[in-house]
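When a ligand or atom number is given, it counts from 1 through the structure's own listing order. On a predicted model such as this, the values are computed, not experimentally measured, just so you know.
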Amino acid sequence: MRHPYAKTDLHLHLDGSLRMETILTLAARQGAALPAATPDGLTPYCMVPPDCHSLAEYLACFRLPLSVLQTADALRYAASELVITLGMQGLTCAEIRFAPQLHGQRGLAQAGAVEAVLAGVQDGRRRYPFLKAGVILCMMTTGSDADNAETVRLALAYRDKGVCAVDLAGQEDARPMQEYAGLLAPARDAGLPITLHAGEAGTYRNVALAVKLGARRIGHGTHAANAPKLLRQLVAQGIVLEQCLTSNVQTQCVGSYQSHPIRRLFDAGVKIAVCTDNMTVSGTTLAREYQILRDVHGFTDDELAVLARYAREASFVA
Ligand SMILES: [Zn+2]
């Protein structure tokens with residue numbers, strides 16, 4: 001499905017966006033056993049059910065795709081396939097994020113993982129040269145300081161080779177947000193763009209802290225909607241919220257599509273980039289997310305065009 005305004009996806013996790021066919025191909029190449037041999041058969045293991053109502057259920061869907069992404073070859077292939085998928089969907093700009101420290105189960109160093117994904121993105125772009133693509137490296141809230149420091153170091157080292165920003169992902173309340181100030185300092189000092197997951201499972205206070213830590217965009221930031229003073233600050237500073245409606249409903253960040261505050265955020269003047277988060281795990285596409293805004297929240301064509309512009313202007317890809 002295509003949508004005239006669904007052109008830029010700034011929040012898209014590599015491991016959560018692999019097509020089932022890609023998972024099957026990678027497992028076959030690796031001689032790895034899978035619980036099913038067809039894309040449909042894999043669906044229950046990699047895509048949350050329509051009635052998903054727990055974060056644990058959501059996170060469990062990453063296990064299988066991650067298990068086949070533990071070699072440089074697999075990462076390169078997966079990144080290339082994802083870029084081709086996005087190109088086929090008609091996107092013109094995408095920022096693909098992943099946590100290099102999650103791909104070392106078989107000894108692959110973070111640097112090797114980064115190089116593989118960057119090479120895969122270039123492979124994919126040869127098929128779709130009109131698609132601008134960047135890679136965001138995620139620190140993990142569950143990662144060690146040493147591993148997270150290495151992620152930031154690599155983000156800086158590969159800045160001119162396709163890495164466009166650094167992020168913090170994982171269980172939001174695993175550690176207080178302010179404890180990442182030191183880890184993020186080298187990125188902030190060097191002017192490397194920062195986007196942080198905040199205000200999804202955690203409260204609006206994490207959004208305020210993320211801005212303090214230097215984030216120019218926030219992954220989700222949905223709970224900021226309950227804090228009028230913070231909203232005014234986001235508007236004044238032009239901070240962009242990467243909003244992923246389907247994912248927010250599935251992880252119980254919000255109770256339903258109808259109760260999602262995206263309309264309130266938009267009307268308050270907050271810049272919003274509509275994103276997918278995880279195309280496979282969430283069972284969605286960027287086109288579908290835009291369609292939901294029209295169907296559920298009554299966004300007009302003009303308003304969808306504004307959202308598309310916000311996303312394009314907020315991209316970290318040069
Ligand atoms: Zn995310």
Side-chain angles (χ1 to χ4, degrees), residues 8-18 46-48 52 54-63 65-66 69 78-79 82 86 91 94-103 117 133-143 148 151 155 163-175 177 180 184 193-203 206-207 209-210 213 215-224 239-254 260 262 265 272-286 288-289 311 314-316:
T8 303
D9 194 345
L10 304 181
H11 190 133
L12 175 68
H13 293 265
L14 173 65
D15 52 0
S17 302
L18 290 193
C46 307
M47 188 184 293
V48 294
C52 171
S54 90
L55 187 59
E57 213 176 333
Y58 192 85
L59 294 177
C61 293
F62 290 87
R63 261 181 236 135
L66 264 177
L69 289 175
L82 180 52
L86 297 169
L91 266 69
E95 295 181 16
I96 296 166
R97 63 184 74 195
F98 84 113
Q101 63 188 268
L102 295 182
H103 302 271
V117 169
V135 173
I136 298 175
L137 302 189
C138 305
M139 295 191 290
M140 292 301 297
T141 57
T142 47
N148 284 335
T151 303
V163 172
C164 63
V166 69
D167 177 28
L168 172 66
Q171 201 77 40
E172 193 177 328
D173 52 6
R175 252 177 95 177
M177 183 75 82
Y180 297 92
L184 285 166
I194 297 170
T195 173
L196 301 172
H197 281 74
E200 178 192 18
T203 72
N206 281 347
V207 178
L209 283 168
L213 292 176
R216 285 154 52 179
R217 298 190 336 224
I218 305 291
H220 305 287
T222 309
H223 291 311
I239 304 291
V240 175
L241 300 188
E242 302 158 359
Q243 289 272 284
C244 316
L245 267 76
T246 298
S247 168
N248 280 175
V249 173
Q250 291 166 337
T251 61
Q252 284 201 302
C253 170
V254 298
H260 195 289
I262 193 160
L265 290 165
I272 292 164
V274 179
C275 308
T276 54
D277 208 8
N278 298 287
M279 286 197 294
T280 302
V281 171
S282 282
T284 195
T285 61
L286 193 60
R288 181 168 177 270
E289 297 296 303
S315 172
F316 294 142

Side chains of [X] and [Y]: is there a donor and an acceptor less than 3.5 Å apart?
X	Y	value
T222	E200	no
D277	S282	no
T141	E172	no

| request: Kindly confirm whether the Zn ion (ligand 1) is within less than 2.8 Å of some N/O/S atom in E200? | output: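 Given the 2.8 Å cut-off, E200 does not count as a ligand of the Zn ion (ligand 1).
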| query | Once rounded to 10°, what is the value of the angle centred on the Zn ion (ligand 1) between H197 NE2 and H11 NE2? | reply |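 Between NE2 of H197 and NE2 of H11, at the Zn ion (ligand 1), the angle is about 90°.
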| request: Could you grab the angle centred on the Zn ion (ligand 1), going from NE2 in H13 to OD1 in D277, to 10°? | output: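 Between NE2 of H13 and OD1 of D277, at the Zn ion (ligand 1), the angle is about 90°.
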| query | Can you check whether R217's main-chain N or O pairs, donor with acceptor, with T195's side chain at less than 3.5 Å? | reply |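 The answer is yes, because a donor-acceptor pair under 3.5 Å joins these two groups.
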